[in-house]
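Convention: sequence-line order gives letters A, B, ...; per-chain numbering from 1. Owing to the predicted nature of the structure, the values given are computational and were not obtained by experimental measurement.
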Protein chains: 2
Amino acid sequence: MSRRKAPKSVVKRLPVYLRILDNLIRRDVEIISSRVLSEETGFTAEQIRKDLAYFGAFGTRGTGYNTSYLREKLLRIIGLDKQTKIIVVGFGHLGKALTRYNAGKNRYVDIIGVFDRKPGETGIEGLEVLTMDKLPEFLQREKVKVAMLTVPAEAAQDVTNLLVKNGITAILNFAPIKLDVPEHVYVHNADLTTELQTLIYYSSEDERHHHTE
Amino acid sequence: MSRRKAPKSVVKRLPVYLRILDNLIRRDVEIISSRVLSEETGFTAEQIRKDLAYFGAFGTRGTGYNTSYLREKLLRIIGLDKQTKIIVVGFGHLGKALTRYNAGKNRYVDIIGVFDRKPGETGIEGLEVLTMDKLPEFLQREKVKVAMLTVPAEAAQDVTNLLVKNGITAILNFAPIKLDVPEHVYVHNADLTTELQTLIYYSSEDERHHHTE
DNA sequence: CATTGTGAACGGATTCACAGCC
DNA sequence: GGCTGTGAATCCGTTCACAATG
């Protein structure tokens, strides 16, 4: 089904298409053109067609894309056709927020464990908060591949080593630190401080331009 | 000071450099080469030099960059040399997490207001949670430019319109929806669901390749 | 002589333009 | 006729290679 390996830039947009399709299907829209998808996503229509064409010819010339069909294809491409088991490590405010949000609204993933250094935290949605010593056995038993990491920066590398040693291959890292991981492990940094600072750059961009020629 | 306008790709990396410099200065390191910065950030040394050179010649040939001097320059370039006022709209779990984190650890920004649709929420760090009807007057009085938006997707566009109407020019959007904003407003999407799904793509990439030639 | 700063070469991603098809 | 799928052209960002210099 999939050709070569898809460029990062394409992969980043796939979940956006999926989200739009979910909305369209909820509104009983059955056919969608790349032009309309373009309006909904903000990407150009050509780009959308190219992105989808990477994985196959899913549309009908002269008509557009069947929303349900395309959704099925995307689910399969992204790997969401079967539920993905996920753990959250670090049960501070951010960890809680992520757990609650994904346990509730995100139908495609399944948070099966939350961990924190200190015991006694009360869980969410029937999930017990386990202490870190339970982690290795848990990961190996459940064969979890994906982790959201919300521990403090000081602890992040040590925890990461533990995760990787026990089979994790993808980490959504919220700690403001570059994680060292082996080749086969994929890390996506979601450092909110950094993103906020980038935003501030743009918030004062106009002023800056007045100062200079 | 600034030349043309800096590419997005460059701006995205500036806060990372700043973070590293803060750490180095804390450890009393006074000089740093692009090579060492490269190890700390994961970007190539050439890229780092190019990035910095966009804004001026801050280094010393044969020696490297003075950490404190470079930090000052970066603060000014990003716009963090003066405290930036920020509001948080939507005081659910994510809103709370962001407020607490940035009120505590992020020395460069100043959260001066948090808002929520429903009244009676207890604030954080001396911040009262205000209801949405207080928002217009507050924004105009305080001249806030930057907002973090953590309201539900259904409310996000309406709230955005209100923010923009009252002077906000940069929005960190956590709602899984494309916000329509005027030209001069900068939106950065931090849709955690989307990012998690991208991660899942990579977590099962190996498997996928086994299925296909 | 180590390291910055930068033009030139390269490569990847986006846009253009249109052929192919329903 | 309208919309997809795609080679060609273009744009943009990264890497290379080296000249400039403290």
Side-chain angles (χ1 to χ4, degrees), chain A residues 1-17 20-21 24 29-74 77 198 201-202, chain B residues 1-17 20-21 24 29-74 77 198 201-202:
Chain A
M1 186 158 297
S2 60
R3 322 179 153 198
R4 314 278 134 239
K5 78 177 158 124
K8 279 207 184 96
S9 50
V10 174
V11 175
K12 224 175 38 190
R13 288 187 291 265
L14 299 179
V16 179
Y17 302 142
I20 305 291
L21 288 171
L24 291 169
V29 178
E30 289 182 4
I31 300 290
I32 190 82
S33 68
S34 60
R35 159 175 291 279
V36 176
L37 270 177
S38 164
E39 287 159 17
E40 300 275 336
T41 58
F43 311 136
T44 67
E46 302 87 318
Q47 186 163 66
I48 292 169
R49 294 202 300 275
K50 267 255 158 84
D51 285 355
L52 298 176
Y54 242 98
F55 302 97
F58 303 140
T60 310
R61 295 177 192 221
T63 312
Y65 300 89
N66 177 295
T67 51
S68 299
Y69 179 74
L70 184 55
R71 174 172 174 277
E72 290 306 315
K73 289 297 184 186
L74 282 174
I77 291 164
T198 302
Y201 175 93
Y202 289 108
Chain B
M1 186 157 301
S2 61
R3 320 173 158 202
R4 313 278 135 239
K5 78 175 158 124
K8 279 208 183 96
S9 50
V10 175
V11 175
K12 223 175 41 191
R13 288 188 291 265
L14 298 178
V16 178
Y17 302 143
I20 305 292
L21 288 171
L24 290 168
V29 178
E30 289 181 4
I31 300 290
I32 190 81
S33 67
S34 60
R35 159 175 292 279
V36 176
L37 271 177
S38 164
E39 288 159 16
E40 300 274 337
T41 57
F43 311 136
T44 67
E46 302 87 317
Q47 185 163 67
I48 292 168
R49 295 202 299 275
K50 268 256 160 81
D51 284 355
L52 298 177
Y54 242 97
F55 301 98
F58 303 141
T60 310
R61 294 176 193 224
T63 310
Y65 300 89
N66 178 296
T67 51
S68 299
Y69 178 74
L70 184 54
R71 174 172 174 277
E72 290 306 315
K73 289 297 186 187
L74 282 174
I77 291 164
T198 302
Y201 175 93
Y202 288 108

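Rounded to whole angstrom, the span from the CZ atom of B/R35 across to the P atom of C/dC1 amounts to 18 Å. Atom pair B/L70:CG and C/dT3:P shows a separation of 16 Å (rounding to whole Å applied). Separating the CG atom of A/N66 from the P atom of D/dT4 is a distance of 13 Å, rounded to the nearest angstrom. Protein atom CD1 of A/I32 is 14 Å distant from nucleotide atom C1' of D/dT4, rounded to whole Å. Between the P atom of C/dT3 and the CD atom of B/E39 lies a distance of 11 Å, rounded to the nearest Å. Distance CD1 (B/I48) to C1' (C/dT3): 13 Å, rounded to an integer number of Å. Taking atom NZ of residue B/K8 and atom P of nucleotide D/dG13, one finds them 9 Å apart after rounding to whole Å. As rounded to whole Å, 10 Å separates atom P of D/dT15 from atom CG of B/D51.
Heavy atoms from other residues, nucleotides or ligands lying under 6.0 Å from CD of B/E30 number 12 at most.
A donor-acceptor contact shorter than 3.5 Å links the side chain of A/S38 to the backbone of A/F43.
Across the interface with DNA chain C, nearest-nucleotide mapping of B/K50 and A/V10 shows B/K50 to be the residue nearer the 5′ end.
Contact annotation: B/T44 side-chain N/O to D/dT15 OP1/OP2 distance is under 4.0 Å. Dashed line: the shortest gap from a side-chain N or O of B/Y65 to OP1 or OP2 of D/dG22 is not under 4.0 Å. Side-chain nitrogen and oxygen atoms of B/R49 include none within less than 4.0 Å of the OP1 or OP2 phosphate oxygen of C/dG7. Listed pair B/S34 / C/dT4 meets the phosphate criterion, a side-chain N or O lying under 4.0 Å from OP1 or OP2. For A/Y54, no side-chain nitrogen or oxygen approaches OP1 or OP2 of C/dA13 to under 4.0 Å.
Listed candidates were C/dG5, C/dT4, D/dG5. Nearest to the side chain of B/A57 is C/dG5. Taking every side-chain heavy atom of B/R61 into account, C/dT4 is the closest of D/dG5, C/dA13, C/dT4. Of the candidate nucleotides C/dT14, D/dA20, C/dT6, C/dT14 has the atom lying nearest to any side-chain atom of A/Q47.
A distance of 11.0 Å separates CZ of A/R49 from CG of A/L37, quoted to the nearest 0.5 Å.
B/G59 comes within 4.0 angstrom of sugar-phosphate atoms only, judged by non-hydrogen atoms across all strands, and of no base.
A 4.5 Å side-chain heavy-atom check between A/Y17 and A/D51 finds at least one atom pair inside the cut-off. Annotation: side chain of A/V11 is not in contact with side chain of A/I77 (no heavy-atom distance under 4.5 Å).
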